[in-house]
Amino acid sequence: METKILNFLKENKNTYISGEDICRRLKVSRTAVWKHIQHLKEIGYEIMAQPHLGYQIISIPDKMLPDEISDGLQTKFFGKKIISYNSTASTNDIAYNLAEQKAQEGTLVIAEEQLKGKGRLGRNWVSPQGKGIYATLILRPQLAPNEAGKITLMAAVGIAKAIRSYTGLDSLIKWPNDILVDNEKVCGILTEMSAEQDLVNFVILGMGVNINTEKHELPKGATSLKLKSKKEVNRLGFLKMMLQELEQEYLKIKNKNFAEIINQWRNLSLTLGKRICIKYKDDFLEGQALDIDEQGALIVRDDLGFLHNFLSGDVTLVR
Ligand code: BTN
């Protein structure tokens, strides 16, 4: 009912709607309308109430509310089911449990803050309240376990494209899945998977984007879209764009058109063609980053001319 009241107010954005009108149109009692309006105000909607005139919606909060994420979202299945938290330990953990309980593909788990946000290689992901996007999608791709890296590559392409079209910033991908603007990290991706011997059951695609995060809140080497574009960025608007771009890329995997994703990844890559140092396990290798293969492995040529393939690791650019 609350969604219906909200939509009714939004449809009549610039006018007052009387409580009576809402009751009549939506077949609900006056007290119920009042209670829902109070709740909407509590969660951040600005709604004016004038005696004899009624209610008018003034502004919508930039919060990860399911009603707002769904409003105008142009996707077929990403974000059709949304689980939203004000605060949680990690959206990846919630999504993993939901996926085990057969949650539908495209289910989005999202939070305003994470208390134990997880990063790659056992690191944590700084997730301050209301500043970034901390989101996880449940995917059920028809892939063999050794192809799961394709999901990370397609996600990096989708998010880099969303940043470019929403903010105009020149985002680039640092292998395997960091998104950088001017060499500083704005987004990290953490995929987790459950698989049988030859088939993936599900993939959990966790994405952290620093949107309006301030410098003092971020670790060294990180930045936010606000810091780079020098203005506040609407998180809801960006999230919708990101979900749309991600779904477009994911459909390419479903349609066995991975080559197109690889090509876009190459065009957006910060790593390829550069001299890099890659840290893997407890070892280092320096060399030239040549290309990525079909599985998303980074191909590096060492100084003796030998080629090495890496499926994981930490890359730094060498001058
Ligand atoms: C990285 O280390 O670069 C990966 C960071 C991934 C962070 C996101 S935020 C949403 C999701 N939930 C988590 O706990 N981690 C991922």
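All values below were derived from every heavy atom in this structure, side-chain atoms included, with hydrogens, water molecules and symmetry-related copies excluded. In listed order, ligands and their atoms are each counted from 1.
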Could you list each nitrogen or oxygen of ligand 1 that sits under 3.5 Å from a protein nitrogen or oxygen, with the atom names and the distance?
residue  : atom   : partner : partner atom : Å
ligand 1 : 2 (O)  : R120    : N            : 2.6
ligand 1 : 3 (O)  : K185    : NZ           : 2.6
ligand 1 : 12 (N) : T91     : OG1          : 3.1
ligand 1 : 12 (N) : Q114    : OE1          : 2.9
ligand 1 : 14 (O) : S90     : OG           : 2.7
ligand 1 : 14 (O) : Q114    : OE1          : 3.4
ligand 1 : 14 (O) : K118    : N            : 2.7
ligand 1 : 15 (N) : K118    : O            : 2.7

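- The only member of L137, L205, I138 that meets side chain to side chain contact (heavy atoms under 4.5 Å, CB included) when paired with L108 is L137.
- Between Q50 and Q56, the side chains place no donor N or O within less than 3.5 Å of an acceptor N or O (distance only, hydrogens not considered).
- Looking at T91 and Q114, their side chains do bring a donor and an acceptor atom within 3.5 Å of each other.
- No donor-acceptor contact under 3.5 angstrom links the side chains of Y166 and E245, judged on distance only.
- Residue K279 places its NZ atom among 12 or fewer non-hydrogen atoms of other residues, nucleotides or ligands, all under 6.0 Å distant.
- Side-chain contact annotation: N257 with E260, donor-acceptor N/O pair under 3.5 Å present.
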